[in-house]
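Working notes for the structure below.
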There are 2 protein chains.
Amino acid sequence: MDTQKALYVFREHLERYIVFNEAEWIVFMQHLTFRTLKKKRYFAEPGIVCKDIGFIVKGAVRYYHIKEGEEITGYFSFENEFVSSYKSYLTQSPSLTYIQALEDTELVGISHKDMQLMLNNPMLAYKMERFGRLVAEHYLICYEDRVSSFITKTPEERYLDLLNTGRDILQRMPQHYIAHYLGITPVSLSRIRRRILV
Amino acid sequence: MDTQKALYVFREHLERYIVFNEAEWIVFMQHLTFRTLKKKRYFAEPGIVCKDIGFIVKGAVRYYHIKEGEEITGYFSFENEFVSSYKSYLTQSPSLTYIQALEDTELVGISHKDMQLMLNNPMLAYKMERFGRLVAEHYLICYEDRVSSFITKTPEERYLDLLNTGRDILQRMPQHYIAHYLGITPVSLSRIRRRILV
DNA sequence: TCAAAACGTTAACAAAAGATAAGGAATTTG
DNA sequence: CAAATTCCTTATCTTTTGTTAACGTTTTGA
């Protein structure tokens with residue numbers, strides 16, 4: 001996908017949050033970067049400040065930690081979603097997680113520095129605050145649902161939920177990633193699947 | 001605590017996010033309500049749209065679901081924190097959880113309607129967008145940490161974390177609430193505590 | 001103030017999950 | 001294309017958690 005097309009797709013999806021007029025869009029665009037993250041390359045790494053928030057035009061990433069030598073995959077992002085190590089990006093402190101491309105992934109990025117410039121640019125400030133608010137609220141809601149599922153549901157129930165709503169994750173992610181995403185081991189998920197079949 | 005004092009405390013803490021000049025503050029104040037929620041009364045209930053976001057001046061609340069006849073406490077808010085059934089408030093859809101006062105609790109509230117009025121009032125719009133963004137980002141980070149603890153930590157590790165950082169929760173909440181907050185049963189938490197002592 | 005309810009611990013047993021290892025199928029990669 | 005790696009399942013055994021119930025203590029509230 002070329003840069004023009006990517007920017008067009010981005011603008012299209014952005015309109016869920018804010019609509020720029022042409023003059024604003026031209027300035028906004030100057031603060032964007034377009035890049036391809038090759039498969040297995042990192043968008044974020046522990047100990048390193050995550051400088052960008054990205055919008056995935058094509059591809060997918062996974063978020064993972066390493067615990068006792070093992071990779072624990074906690075989250076995924078796909079096309080038309082944002083990706084960032086949010087805490088690291090928002091506070092400009094070292095990331096705690098890896099974010100890795102699972103396929104060649106094309107991203108429109110906004111660096112923290114450019115975001116600050118736009119938040120301080122009178123022409124864009126209001127819409128950027130609004131944009132930031134709506135995106136943060138969107139993810140706040142996602143996380144609220146997810147925390148609530150850990151509190152009130154068993155792993156088996158979380159898997160059943162995923163069967164209803166997790167099309168992308170189920171179809172595109174290997175099962176051992178999904179297991180960790182649900183908070184259990186791959187062996188345990190395999191057993192849950194067998195239990196459900198009966 | 002009287003209304004004046006409560007508003008003063010609120011303004012003080014708000015300055016973490018935004019600073020109003022006097023003219024703005026006077027208008028902003030007109031969109032606030034001050035009320036006391038008696039112990040055991042509800043700030044939010046399942047099936048009912050949560051109309052307010054509250055700032056707790058004094059007191060504490062717990063968030064809980066009912067599952068198979070049992071109350072599962074998932075979260076708490078204390079003095080100088082916000083309280084809301086966020087998804088319900090942000091989307092004006094029915095709440096999924098109860099939010100109940102654990103003590104007589106004094107709140108400064110902003111109704112969804114008043115928030116919209118302020119977001120559409122040119123005098124306040126920019127600062128309100130910014131306020132909304134910063135609050136949402138704050139809670140986004142809290143939730144990110146919490147999800148990550150469910151993915152990468154055992155219940156015992158989550159309890160040990162709480163011993164380090166959860167002063168308010170540990171000192172003011174009964175242990176069976178804490179257990180559910182950690183995603184386990186009260187019996188299990190009691191065992192973990194014994195394990196740790198040895 | 002006094003009975004009822006709530007709370008935390010413990011015990012016993014059942015159910016689920018974790019750890020480890022083995023084996024076969026599928027996929028990757030040099 | 002062949003070797004290596006990844007992936008999922010299954011089995012075994014251990015550990016942890018869930019469930020239920022009992023008991024004594026503390027707190028609540030009529």
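Every chain is numbered from 1 and lettered A, B, ... according to where its sequence line falls, protein lines coming before strand lines.
- Each of Phe43(B), Tyr75(B), Phe76(B), Tyr181(B) was scored for a ring-ring contact (aromatic ring centres under 6.0 Å, His included) with Tyr63(B), with one residue passing: Tyr75(B).
- At a cut-off of 3.5 angstrom, counting only N and O atoms as typed in the model, there is a donor on one side and an acceptor on the other between the side-chain of Arg191(B) and the base of dG18(D).
- Comparing dT9(C), dC7(D), dC7(C) by their nearest atom to the side chain of His176(A) picks out dC7(D).
- In this structure, Ser188(A) reaches the sugar-phosphate backbone alone: every heavy-atom distance under 4.0 Å involves primed, P, OP1 or OP2 atoms, never a base.
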Checking Phe150(A) against Phe150(B) for the ring pair (Phe, Tyr, Trp, His ring centres under 6.0 Å) test, could you report, in this order, the C-alpha distance in whole Å, the side-chain angles of both residues, the deciding distance, and whether it holds? CA-CA 7 Å; Phe150(A) 281 112; Phe150(B) 281 111; 5.1 Å; yes

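- The aromatic rings of His138(B) and Tyr17(B) stand perpendicular to each other, their planes meeting at an angle above 60°, with 30° marking the opposite boundary.
- The side chain of Arg195(A) lies closest to dA16(C) when the candidates are dA16(C), dC7(C), dT9(D).
- Relative orientation of the Tyr89(B) and His112(B) rings is perpendicular, given thresholds of 30° and 60° on the angle between their planes.
- Relative to the side chain of Gln175(B), the nucleotides dT9(C), dT10(C), dC8(D) differ in distance, and dT9(C) lies closest.
- Residue contacts for Lys40(B): at a heavy-atom cut-off of 4.0 Å it reaches the sugar-phosphate backbone alone, with no base atom in range.
- Within the 4.0 angstrom heavy-atom criterion, only backbone atoms of the sugar-phosphate kind lie near Pro155(B); the bases stay farther away.
- Side-chain proximity of Thr185(B) to the nucleotides dT9(C), dG18(C), dT19(D) is greatest for dT19(D).
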